[in-house]
Structures are given as C-alpha cells and as structure tokens.
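Here the structure comes first, spelled out in structure tokens, and everything after it is commentary.
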Amino acid sequence: MIDLHTHTNNSDGTDSPRELVNKAISIGIKVLGITDHDTTAGWIEATETVRGEISLALGSEISCLTEDGISVHMLGLLFDGEHHEMQVMLEETRDGRLPRMRKMIEKMQAAGIDISMADVEAARPMGATLGRPHLADALVNKGVIKSRDEAFQGMLNNDSIFYVSHAAPTPVEAVRMIRSAGGVAVIAHPFASLRGQILDASNFQELATAGMQGIEVDHRDQNPDERAMLRVIAKELGLVVTGASDYHGNGKLNSLGEYQTSPEQWEKLESLADRRRVVRA
Ligand code: AMP
Ligand code: ZN
Ligand code: FE
Ligand code: FE
C-alpha cells in the first residue's frame, strides 16, 4: 500500500507523526507520504519512529494562490528539508495565516459570534500550521457548531462571507521551489470542485512546463468523471498519476490508505527526485 498525502498535528491533522507512522505500519503501508500544510516540522519525529519495512516520503502540501485567486494545493515530496529558500517560502505562508485568521475572527465577531483568537490558539497544537480546521475546533468547543465537517459545509467554506485568503506563492512558484530543492511536485486534488473554484484543463500545461511531475487523481473529493479527465490530462502531458487518502486523523472522515498510488507510478515518481531521499530504518 502506498499513500502519499497525509497530515499530522503539525498542521490540521490530529495524530502526532509518531502515531501516524505507527498506524501506517500497523495497516501495512509500504510508502507513506507525510505532507503537512506549509511545514516540514513533523519530519524529525516521523524519522525517529521509522522501523521495519516502511519507507517515508517526507514532504509538504504547499498552499498556493493563482493570479486569479484560485486556491491550489501543491504536494512537494522528497525535497531537501534544509533548502533555505524553500523554508523561507513556507515560513512566509505560515506567517500570513495569522493575520488571515484574525480577519476571519473579526468578521465572525462583527456577526455576533462568540469567538476569539485565544479560543483558536487553545485549539491549535503547539507549533502547528494555523488553519481553518483549528477555527472549526474552537467553534465546536464554544458550542457554535458540532463538527469540522459542519464548519466546512457552511461558515468556513471558501464561499462563506467569513472566508479570507492568505498570502501564498503561485502554483508555478511552488513547483519551481520544490524542484530547486530537489523534490518532486504533484498537484493535490486539482478537480475537488466542492472546495471552491478549480483550475481548468489548460492550466496543467503551464505547470508541467514549470516542472510539475504528477497529478493526484484518486482522492475522495474527486468524482469518477473528474478522475477520468485528470487521467487523460496526465497521459497527454506524461505526468505520474497518484492516489492518496489526505488522512487528517480524527479531523476528517478520510481513512488512512483509502486511496493509493500504484508501485509503478511511485517508482517513476521517486526516480524523478534529484536523489534517493526516502527515509527507511
Ligand atoms: P486552510 O488551509 O486554513 O485554508 O484550511 C483548509 C484545510 O481545511 C484543508 O487542509 C482541508 O483538509 C481542511 N478541510 C477542508 N474541508 C474539510 C472538512 N469538511 N472537514 C475537515 N477539514 C476540512
Ligand atoms: Zn488539511
Ligand atoms: Fe489539500
Ligand atoms: Fe491535504
């Protein structure tokens, strides 16, 4: 089993890296991608936990915004975690998430909702990349809503009046950074239309030209038609096709390993990194 896209409590997942790696081992995952939003902070603990047969493909899911303001998530895997410019880019995005959260909270307060930055900070694990799921957890703690899922179906949705975006690199900039740090770039759930506006097919050529090497096709937020279209695009552009769970612990319904990448596609992807960086015992 190969699952290349998961989150820990270093962003908006609920398992620690240790818990995630142990869980992956216990269900027989052979390659596990750990891709917290805009951070590599979980890599050390994950590396310390590795044992037995499993290989870790350490990475990050980089939040991006197109010039048209469309939100895109770019997975970087197998890049050099010490690459300075990459770390600066990730840090800038994390920094931008603070004023963004303040603005969302101000909008909610103006609408009479009882929520504060302190409530959100209390719901956020130490050092974790701050995101809407932490605001959702704070709203649950306050009794405003029942679950993260409810939040994302309403008040925290991209179309909600409370939604605010944050500064982020463009997808092309993220791809170039991943590649210059030696890694491989795979666009995450590009046709997950429930989340808001999505790219159109013509945008993939530009990303492939910038160095993007793969497309996440099998993902629960993409229906069979969307997956079929993505498979055609991947074939036309010679890109690797991946599948992954986007596991978030208890933070989302997604179960670890629910979608997978084939060994052939993984081998092709791994061979495109500048050197072998999977972590093994
Ligand atoms: P942000 O990065 O702050 O814009 O928040 C987006 C994050 O919210 C993504 O990482 C998603 O995984 C997460 N998310 C989106 N929809 C849901 C949902 N229905 N339940 C829980 N988390 C969600
Ligand atoms: Zn997330
Ligand atoms: Fe994502
Ligand atoms: Fe994700």
Side-chain angles (χ1 to χ4, degrees), residues 3-15 20 33-39 41-42 59-65 69-77 90 93-105 107-108 117 120 123-125 128-140 145-160 162-169 171 174 185-199 214-222 242-256 258-259:
D3 187 344
L4 297 178
H5 176 176
T6 68
H7 298 265
T8 77
N9 59 6
N10 284 270
S11 61
D12 53 4
T14 59
D15 290 354
L20 172 59
I34 301 181
T35 51
D36 277 307
H37 300 284
D38 308 308
T39 185
S60 178
E61 182 175 16
I62 302 178
S63 311
C64 308
L65 268 185
I70 300 174
S71 163
V72 172
H73 287 175
M74 191 63 63
L75 296 166
L77 294 167
L90 297 176
T93 302
R94 291 196 304 274
D95 288 349
R97 285 168 166 277
L98 283 148
R100 177 262 198 145
M101 184 62 72
R102 280 189 215 105
K103 281 185 204 151
M104 290 188 69
I105 289 169
K107 284 176 183 255
M108 289 187 173
M117 194 68 180
V120 178
R124 166 205 201 181
T129 302
L130 182 62
R132 278 178 281 167
H134 303 119
L135 175 52
D137 292 347
L139 290 163
V140 171
I145 50 161
K146 293 233 151 44
S147 67
R148 282 189 182 186
D149 220 43
E150 185 188 329
F152 278 93
Q153 276 160 31
M155 55 199 302
L156 294 189
N157 194 279
N158 288 41
D159 300 324
S160 155
F162 302 120
Y163 179 74
V164 176
S165 64
H166 58 81
V186 177
I187 189 168
H189 49 70
F191 282 176
S193 51
L194 288 177
R195 294 165 179 238
Q197 212 191 340
I198 53 167
L199 296 179
I215 301 181
E216 187 177 64
V217 172
D218 294 307
H219 183 288
R220 71 153 60 202
D221 295 352
Q222 292 172 154
T242 72
S245 66
D246 204 357
Y247 173 74
H248 279 69
N250 303 326
K252 258 185 160 181
L253 302 172
N254 314 29
S255 56
L256 192 58
E258 66 175 20
Y259 290 101

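Computed from a predicted model, the values in this text were never measured in an experiment. Indexing begins at 1, ligand by ligand and atom by atom, following the structure's order.
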Q: Examine the proximity of ligand 1 to R100 and report which part, side chain or backbone, both or neither, has a heavy atom under 4.0 Å away.
A: side chain
Q. Does the side chain of D36 pick up a donor-acceptor pair with the side chain of T8 at under 3.5 Å?
A. yes
Q | Angle subtended at the Zn ion (ligand 2) by D12 OD2 and H248 NE2, rounded to 10 degrees | A | 120°
Q. Could you state the interatomic distance from CD (E216) to CG (D221), rounded to the nearest 0.5 Å?
A. 9.0 Å
Q | Reported CG-to-CD distance for the pair L156 and E150, which is rounded to 0.5 angstrom | A | 10.0 Å
Q | Closest approach to the Fe ion (ligand 3) by E61, given as the N, O or S atom name | A | OE2
(Q) Tell me whether D12 has any N or O atom under 3.5 angstrom from an N or O of ligand 1. (A) yes
Q: Have a look at ligand 1 and work out which part of R97, if any, has a heavy atom under 4.0 Å from it: side chain, backbone, both or neither.
A: side chain
Q) If only atom types and distance count, is the side chain of T39 paired as donor or acceptor with the main-chain N or O of T129 below 3.5 Å? A) no
Q: Decide, counting backbone as well as side-chain atoms, whether H73 has an N, O or S atom less than 2.8 Å from the Fe ion (ligand 3).
A: yes
(Q) Is a donor from one side chain sitting under 3.5 angstrom from an acceptor on the other, for D149 and S147? (A) no
**Q.** Ring geometry between H73 and H189 (parallel below 30°, tilted from 30 to 60°, perpendicular above 60°)
**A.** perpendicular
Q: Going by the side-chain hydrogen bond (donor to acceptor under 3.5 Å, both in side chains) test, name the single residue among D246, D15, T14, T35 that passes it with H7.
A: D246
**Q.** R148 and D12 ion-paired at < 4.0 Å
**A.** no
Q: Give the contacting part of L130 toward ligand 1: side chain, backbone, both or neither, where contact means a heavy-atom distance below 4.0 Å.
A: neither
Q: Number the atoms of ligand 1 from 1 as they appear, then name those within less than 4.0 Å of a heavy atom of R132, with their elements.
A: 1 (P), 3 (O), 4 (O), 5 (O), 6 (C)
Q.
Side chain, backbone, both or neither: which applies to H248 and ligand 1 if a contact is any heavy-atom pair less than 4.0 Å apart?
A. side chain
Q.
So if I count the atoms of ligand 1 from 1 in the order they appear, which ones are less than 4.0 Å from some heavy atom of G131?
A. 3 (O)
Q. With a 4.0 Å heavy-atom cut-off (strictly under), which part of H37 contacts ligand 1: side chain, backbone, both or neither?
A. side chain
Q: Could you establish whether P133 and ligand 1 come within less than 4.0 Å of each other, counting only heavy atoms on the residue side?
A: yes
Q. So does H5 have any N/O/S atom less than 2.8 Å away from the Fe ion (ligand 3)?
A. no
Q: Quick one: pull up OG in S60 and CE in M74 and give me the separation to the nearest 0.5 Å.
A: 12.0 Å
